[in-house]
Asks: 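For reference, the structure I am asking about is given below.
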Amino acid sequence: MYLSRIPLDISNRKTQIALVSPNKFHGAIEESFDEKQERNLWRIDVLQGKTYLLILSRIKPDLEYIAEQFGKKDDCGETKTYEALLNRIRKDSIWQFRLVANPTRSVKSENGRGKVTAHTVEAFQLEWLNKQSVKKGFRVLPDTLRVTGANWKIFYKKNRKQQVRLLEVAYEGKLKVENVEVFINTLINGIGREKAYGMGLLTIAGSEG
């Protein structure tokens with residue numbers, strides 16, 4: 001596994017469009033690999049005033065290809081192996097985490113079918129992640145979890161014939177690992193829906209215990 005980070009040029013018109021229409025990033029990421037593979041996890045991060053594209057993948061991507069479109073040719077970012085981090089994970093260890101996800105619920109319509117809708121209220125967004133954690137091998141520590149941002153992504157795909165509306169919610173906090181195997185699988189495969197559009201990637205740092 002590899003974790004890549006590419007600095008983005010937000011003054012670039014292509015980058016500005018992709019930040020609103022994440023299908024543009026999705027397409028570029030898929031094209032940055034020599035061979036077709038399982039779907040990659042990715043997200044946009046803003047750290048110390050700079051905007052980055054993070055990619056978690058099983059093989060190394062061609063960062064130069066992505067930088068040419070959305071960044072700078074002389075700064076293609078970096079790729080690091082993910083195994084060292086995964087090997088450090090222990091039961092009951094505590095980590096700082098960041099996650100961008102698409103918290104949703106299924107609501108029954110008049111015909112009895114379930115319709116997926118986004119959680120737009122912060123209290124329900126927090127509740128959604130706490131419920132997810134039970135199945136994903138970790139527990140969020142009380143009083144550490146917070147929503148740091150929520151944005152609608154509204155864009156078209158399939159030759160502008162289909163409009164997509166997705167709510168992107170950013171979380172930060174501390175978590176405690178309860179099942180190592182399940183938690184590692186969560187890091188590798190993500191949480192929730194709409195992973196193709198930059199949601200679901202959970203990252204951790206700063207182990208305690």
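Given the structure is predicted, the values throughout are model-derived calculations rather than measurements.
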Asks: Show your reasoning for whether side chain to side chain contact (heavy atoms under 4.5 Å, CB included) applies to R88 and L85.
Replies: CA-CA 5 Å; R88 289 172 52 204; L85 175 65; 4.0 Å; yes
Asks: Test of understanding: clusters of I, L, V, M, F, W, Y form through side-chain heavy atoms closer than 4.5 Å, transitively. Do F25 and L167 belong to the same one?
Replies: no
Asks: Checking the side chain of S57 only, and the main-chain atoms of I59 only, is there a donor and an acceptor separated by less than 3.5 Å?
Replies: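 Yes.
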Asks: When you compare the side chain of L166 with that of F155, does any pair of heavy atoms fall below 4.5 Å?
Replies: yes
Asks: Using a 3.5 Å distance criterion without hydrogens, assess whether the side chain of K174 forms a donor-acceptor pair with backbone atoms of D143.
Replies: no
Asks: Find out if a path of hydrophobic residues (ILVMFWY) with successive side-chain heavy-atom gaps under 4.5 Å connects I44 to F70.
Replies: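 Linked, I44 and F70 end up in one cluster.
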Asks: Within the distance-only criterion (no hydrogens, no angle test), does the side chain of T15 pair as donor or acceptor with the backbone N or O of D9 below 3.5 angstrom?
Replies: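 Checked: pair present.
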Asks: Quick one: does R43's side chain have a donor or acceptor within less than 3.5 Å of a partner on V100's backbone?
Replies: no
Asks: Name every donor-acceptor pair, under 3.5 Å, that has one atom in a side chain of residues 1-8 and the other anywhere in the protein, sequence neighbours excluded.
Replies:
residue : atom : partner : partner atom : Å
S4      : OG   : T79     : OG1          : 2.8

Asks: So, using salt bridge (charged side-chain N to carboxylate O under 4.0 Å, His left out) as the criterion, who are the partners of D62 when residues are at least two apart?
Replies: none
Asks: Please assess L129 against V169 for the test side chain to side chain contact (heavy atoms under 4.5 Å, CB included), listing each intermediate value before the final yes or no.
Replies: CA-CA 11 Å; L129 182 56; V169 178; over 6 Å; no
Asks: Any chain of hydrophobic side-chain contacts (each under 4.5 Å) joining I10 to I55?
Replies: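 Same hydrophobic cluster.
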Asks: Decide yes or no for N12 and K72: does some side-chain heavy atom of the first lie under 4.5 Å from some side-chain heavy atom of the second?
Replies: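 Heavy-atom side-chain distance check fails, nothing below 4.5 Å.
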Asks: If you compare all heavy atoms of K176 against all heavy atoms of D92, which two are closest, and at what distance to 0.1 Å?
Replies: CE-OD1, 3.4 Å
Asks: If the condition is salt bridge (charged side-chain N to carboxylate O under 4.0 Å, His left out), which residues does K136 pass it with, not counting sequence neighbours?
Replies: none
Asks: Can you name the nearest heavy-atom pair linking W128 to G192, along with the distance?
Replies: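 Nearest pair, atom of W128 first, then G192: CZ2-CA, 4.1 Å.
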Asks: Pick one: which of L19, I29, I17 meets side chain to side chain contact (heavy atoms under 4.5 Å, CB included) with K24?
Replies: I17
Asks: Could I get the full list of salt bridge (charged side-chain N to carboxylate O under 4.0 Å, His left out) partners for R146, not counting sequence neighbours?
Replies: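 Checked R146 against salt bridge (charged side-chain N to carboxylate O under 4.0 Å, His left out); matches are E172.
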Asks: For Y82 and L56, what are the C-alpha separation, side-chain angles and deciding distance, and is it a side chain to side chain contact (heavy atoms under 4.5 Å, CB included)?
Replies: CA-CA 8 Å; Y82 212 50; L56 182 65; 3.6 Å; yes
Asks: With the 4.5 Å side-chain cut-off for hydrophobic clustering, are V140 and I89 part of the same group?
Replies: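 Yes; I89 is reachable from V140 via cluster members.
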Asks: For the salt bridge (Lys or Arg N to Asp or Glu O under 4.0 Å) test, which of R90, K135, R139 pairs with E178?
Replies: R139
Asks: Would you say the side-chain atoms of Q125 pair up with the backbone N or O of H119, donor to acceptor, closer than 3.5 Å?
Replies: yes
Asks: Go through K153 and V164 one step at a time and tell me if the side chain to side chain contact (heavy atoms under 4.5 Å, CB included) criterion holds.
Replies: CA-CA 8 Å; K153 302 290 185 179; V164 180; over 6 Å; no
Asks: Report whether V182 and L99 are members of the same hydrophobic cluster (ILVMFWY, side-chain heavy atoms less than 4.5 Å apart, transitive linking).
Replies: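 No, it is not one cluster - the side chains of V182 and L99 are not joined through contacts under 4.5 Å.
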Asks: Could you tell me the separation between the CG atom of D45 and the CZ atom of R98, rounded to the nearest 0.5 Å?
Replies: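 Going from the CG atom of D45 to the CZ atom of R98 covers 4.0 Å.
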Asks: Tracing side-chain links under 4.5 Å among I, L, V, M, F, W and Y, which residues wind up in one group with Y52?
Replies: L47
Asks: Mind telling me whether F183 and F138 have parallel, tilted or perpendicular rings, with 30° and 60° as the class edges?
Replies: perpendicular
Asks: Tell me the closest heavy-atom pair linking L187 and L41, and the distance in Å.
Replies: O-CD1, 3.7 Å
Asks: Would you find more than 12 non-hydrogen atoms of other residues, nucleotides or ligands less than 6.0 Å from E68 atom CD?
Replies: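 Counting other residues, nucleotides and ligands, CD of E68 exceeds 12 neighbours.
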Asks: Quick one: does N102's side chain have a donor or acceptor within less than 3.5 Å of a partner on A118's backbone?
Replies: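 A pair under 3.5 Å: no.
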Asks: Test your reading of the model: is there a side-chain donor-acceptor pair from W42 to the backbone of M199, 3.5 Å cut-off?
Replies: no
Asks: Would you please name every residue forming a salt bridge (charged side-chain N to carboxylate O under 4.0 Å, His left out) with E127, sequence neighbours left out?
Replies: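 Salt bridge (charged side-chain N to carboxylate O under 4.0 Å, His left out) check on E127 returns K131.
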Asks: Might you confirm whether atom CZ of F124 has over 12 heavy atoms from other residues, nucleotides or ligands at distances under 6.0 Å?
Replies: no
